[in-house]
Amino acid sequence: MHIKIALFKKGKTVIKEFLIYTIFIIILFTAVNLHYFFSKNSINRDSLTVAKVTKITEPSLSVGIFENRFLYLDKSFDNNVYPDMMSINKTGFVYEK
Amino acid sequence: MNELFLNNYVIVYLFSETVLFLMALYAFFKDIVILKYWDFESFSARQLKLEKQGYLLSTIATFIFALKFILLIYFVYMIDSLSIIIPGAMCGAGVISANSYGMPLLFIKLTTIFTFLLFLTLNNLDLKAKNYPLLKLKSWVLLAALLLIFLESFFDLSYLFNIDLSVPVSCCSALFGNLEGANPLPFGLNIKNLLILYYTLYIASVLAILLENRFLTAFTLILFAIISYYAVVYFFGTYIYQLPTHKCPFCMMQKEYYYVGYLVWGSLFIGLFFGLIWVIIGFLKYKNKTAKQIAIASISLFVVLCSSYVLFYYLKNGVFL
Amino acid sequence: MKNNSFFYFLTLNLLKEKRRYAGIVIISSLLIFLLSSVLFISSSIKQTLNYTLKAQPDFIVQNIKGGKVAPINSNMVNKILNIYGVEKVTKRVYGRYFFDDKYSTLIVGVDFLDEQSNKNLETLINSTDLKQFLSKEQMIIGQGVKNYLKTHYYNLEYNFLTPDGQMKNIKIFKTLSSKSAIISNDETIMPLKSAQKVLGLKENKITDIALNVPNDSEWQTVKAKLQSLNFNIRVISKKDMQKAYESLFNYKGGLFLVLFLIVIATFSLLLYLRYTLAASLERKEIAILRAVGWSIKDVLKLKFLENIFLVIFAFILGSSLAYIFVFVLNAPLLKNIFLGGSNLTNFAKFTPVVDYGVLSTIFIIFTVAFLSSVLIPVWKIAVTEPKEAL
Amino acid sequence: MVIIENLNKFYEIDGQKQYILNGINLSVQKGECVILKGVSGSGKTTLLSIIAGLDKPSSGKVIIDGEAVSKLPDMHLSKFRAKKIGIVFQNFNLLEGVNLLDNTMVPLIADKIGLKEAKDKALNALKLANIEHKANKIPSELSGGEKQRGAIARALVANPNLILCDEPTANLDRENSLKFISALKKLHSMGKTLIIATHDPIFEELDFKHKVVEISQGKIGFAVDA
């Protein structure tokens with residue numbers, strides 16, 4: 001039923017099916033790590049260059065309602081229960097109308 | 001209730017702590033039943049049930065211990081990451097001192113982990129013997145550990161609920177920096193004497209363990225841990241940061257210093273814990289070579305790690321800070 | 001490995017019950033996939049914003065009228081320059097231009113005569129093209145803007161309608177890479193003068209003023225001095241922004257996490273029930289193991305390791321797939337939760353960020369839920385009386 | 001080898017003690033072959049399971065090789081069972097979906113043994129039970145007699161001195177029963193102590209038994225030295 005194959009060392013055996021799953025996971029994991037290793041920061045650098053030119057770093061949100069992009073500065077106290085929380089009608093908490 | 005409770009780390013931390021609290025509560029009642037009704041000589045159905053429940057308790061204890069250990073690291077990481085939200089804080093030192101619950105909480109966490117480790121060691125010895133000789137003792141230790149969990153949960157909530165995001169906290173330079181005229185070191189030591197004491201205590205602890213003198217080991221190890229705290233904060237830390245004015249036990253856990261703080265404090269506490277466990281089980285007439293070896297290896301790693309920062313700084317720059 | 005017969009038996013056991021575990025692994029990885037995707041996106045955006053904060057001026061000075069930002073006189077620049085310790089004072093002109101009542105672009109005016117901007121511009125477009133760019137009135141647009149203009153057949157230029165009713169024709173010079181779209185998707189970069197015209201600002205009016213203070217310890221003093229320049233001045237510091245970004249995305253991540261906790265609680269309950277049910281099926285098998293000499297501890301170890309295997313397998317599978325979904329496929333569907341979907345289509349590419357904090361968060365939440373819900377059923381099955389084998 | 005002293009097993013139902021075993025005293029020497037006879041429900045299976053440490057007595061003592069097994073904590077009892085006692089069950093009790101070789105290995109695994117060594121030992125045990133040619137078959141592909149031999153191999157794998165059989169021939173035809181008996185003979189010649197609980201008359205013809213113990217209503221009716 002289960003075929004055992006020798007792995008690496010003599011006398012050490014692993015069930016083939018298990019080996020397949022393990023190798024699959026290892027390949028997936030390695031691929032992700034390689035992608036991460038080669039692509040990290042390349043995207044960031046582009047953003048940084050643009051930000052250096054414009055001197056504006058806010059995220060480019062596709063927000064429906066027009067709002068001043070410095071939303072977070074409106075220190076509004078319109079939520080009496082939780083005055084410390086950002087008010088939900090202004091933060092882009094829900095972007096659509 | 002504030003913005004803190006929408007932070008990912010805080011949510012996950014509280015969730016995990018709640019689950020562990022519930023498990024501890026369950027284990028607590030089971031443990032009391034065992035303490036009350038345990039009778040090894042009996043053949044009754046209840047006794048058989050209790051013997052089985054002993055395994056449940058040790059499973060829960062192992063589970064809680066493993067998670068508490070991970071959660072301690074997570075907690076420190078969380079505290080560090082909260083420093084962005086909390087005004088005035090530059091690192092975990094500021095956040096932990098945001099209110100008076102912080103430091104005791106950290107201390108309780110360490111004690112809890114130690115107590116669980118002690119329970120697991122006793123449990124292991126107990127199961128190896130043929131007549132459960134340590135059952136009462138280990139059950140009491142477990143009871144203490146579970147009570148510590150309840151205490152910790154209380155402090156957890158008190159701590160997090162009492163952080164006021166509108167009040168700035170002090171940063172580490174204000175907490176640990178040289179105060180005008182006041183000497184922060186204990187027993188009126190200066191840095192030179194502190195270092196002499198540090199190395200002397202290290203050698204004394206290792207010798208005491210090797211000579212199997214348990215009273216001396218306990219005494220020197222505890223003293224060594226206290227002195228080490230000051231030595232790291234006020235001397236070795238400055239070499240890790242390469243800045244004579246930067247005195248902080250928390251910043252070294254940040255990415256800029258390659259998270260070395262976890263290794264520094266981790267090796268110290270692991271050494272201390274295993275040393276003390278060796279002492280305690282020694283009084284119960286058990287020998288545990290592994291605990292002894294871990295204790296020596298761990299505090300040696302700690303000392304070598306700290307000293308090497310100083311050494312490498314000297315080799316690189318030719319001067320001391 | 002001295003213990004590898006145990007490991008062998010463990011894998012044998014896992015594969016034997018493959019069907020039973022497959023469902024658990026699939027649901028687990030799906031949950032992990034969802035949670036990791038969301039947290040990966042939020043941490044990636046946060047990281048990008050924090051990274052670009054390097055380019056953010058230390059302070060921004062704005063003129064407030066009726067609680068809203070109003071244009072500020074450009075002669076304020078000279079006043080600010082008089083403050084000691086202040087450096088790189090720059091005029092900023094920006095504002096929203098609405099193509100229609102729904103779609104808008106952020107117009108940013110850049111002073112190309114300024115040496116600093118010029119140098120950065122060189123890296124943005126090739127230096128050989130720079131002269132050509134400056135020779136005419138031209139603009140650089142973001143991916144989202146390009147996409148919108150293209151659907152309206154504006155491939156080479158666009159006629160802006162200024163507030164005083166005039167047409168302003170500007171040629172499109174270049175499109176910004178979608179790699180920078182997190183911040184540049186709806187941006188249009190043009191010369192300062194053109195921007196002033198499009199936004200309807202007079203020549204001596206600008207939107208706000210940015211400045212740097214190299215010495216951190218001067219920040220408080222400089223801030224106070226800026227405040228005292230005029231009563232209706234608002235000063236925003238870099239730190240305020242950092243905090244705002246932090247909480248903006250924490251908020252969403254946190255909210256999602258709370259919802260997720262409810263899901264995971266349900267999952268735990270199902271898992272508990274399933275394992276309790278499985279325990280009755282497995283009784284015979286465990287009783288055999290116990291009868292041939294396995295102790296309770298051995299069975300506990302076997303069952304726990306089985307579950308730890310499942311958790312690790314599901315975790316790696318779920319989080320790797322989430323990584324591919326977010327950073328290779330750019331998170332279709334899910335992206336809009338964070339970036340919004342009602343303005344220009346966002347072409348943002350997420351910077352791959354694997355944050356240990358995020359990973360351990362996912363791992364802890366999942367492991368705690370999973371293992372704690374199977375703990376008691378597993379114990380119950382491990383203490384099966386061996387006499388049941390008879 | 002096995003000494004049973006005043007062994008009782010009862011359940012309390014409504015305050016009344018229902019005895020399953022009542023005051024059993026028995027001693028078995030090393031190398032002996034003992035047949036526990038009795039009708040179903042006479043308590044012989046319970047006695048066997050108490051000797052094997054699968055069940056706990058309500059009072060009394062079972063001493064095997066100088067060790068009082070009935071009061072041992074689980075960890076020790078299990079280890080003891082793995083090393084010193086081999087059990088052959090009535091319904092064979094092989095793990096489903098696991099091939100015979102792996103099934104035979106099971107008692108060794110808990111003892112932290114290398115895989116190669118475990119497989120070698122299992123193969124040896126299968127040879128001893130004349131079933132090594134079916135080592136890669138799973139139980140559902142085997143006949144009753146083959147399963148029985150697999151069960152013997154598993155009982156032998158850790159080389160125990162005491163082999164307990166619970167109604168070993170109940171699920172076998174006459175031909176296979178005879179084969180089983182010849183296997184028992186082989187074990188007996190190897191010097192193993194055998195205790196067999198059965199009500200199969202085929203064991204009457206056994207030529208190497210030392211003792212026949214009849215159990216009825218939880219008591220030893222009579223014991224005959226053969």
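Chain naming here is simple, since letters A, B, ... match the order of the sequence lines and numbering starts at 1 in each.
In this pair, C:Phe366 and C:Phe370 present their aromatic rings tilted. The plane angle is within the 30 to 60° band. Between C:Phe363 and C:Phe315, the ring planes are perpendicular. Angles over 60° get that label, and only those under 30° would be called parallel.
Ranked by heavy-atom pairs shorter than 4.5 Å toward chain C, the options D:Val106, D:Thr46, D:Thr45 are led by D:Val106. Note on C:Arg290, C:Glu285, C:Lys297: by heavy-atom pairs under 4.5 Å with chain D, the leading option is C:Arg290. Between chain C and the residues D:Arg154, D:Met105, D:Glu167, D:Lys56, the most heavy-atom pairs under 4.5 angstrom are made by D:Arg154. The candidate with the highest count of non-hydrogen atom pairs below 4.5 Å against chain D, out of C:Glu385, C:Lys284, C:Glu388, is C:Lys284. With chain C as the partner, the residue from D:Gly53, D:Ser78, D:Pro107 showing the most heavy-atom pairs under 4.5 Å is D:Ser78.
Contact detail for D:Ala155 and D:Pro160: the closest heavy-atom pair is O-CG, 3.1 Å.
In this structure, the portions of C:Ile296 lying under 4.5 Å from any heavy atom of chain D include both its backbone and its side chain. With a 4.5 Å cut-off on non-hydrogen atoms, D:Glu96 touches chain C through its backbone but not through its side chain. Both the backbone and the side chain of D:Asn93 come within contact range of chain C, each with at least one heavy atom under 4.5 Å from a heavy atom of that chain. Neither the backbone nor the side chain of D:Leu77 comes within contact range of chain C; no heavy atom of the residue lies under 4.5 Å from a heavy atom of that chain.
Checking D:Lys17 against D:Asn22 by side-chain atom types alone, no donor-acceptor pair falls below 3.5 Å.
Test D:Lys192, D:Lys121, D:Lys83 against D:Asn159 for side-chain hydrogen bond (donor to acceptor under 3.5 Å, both in side chains) and you get one pass: D:Lys192.
Heavy-atom neighbours of D:Glu12 CD from other residues, nucleotides or ligands within 6.0 Å: above the threshold of 12.
Cation-pi geometry between D:Lys119 and C:Tyr8 is met: the NZ or CZ atom falls under 6.0 Å from the ring centre, inside 45° of the normal.
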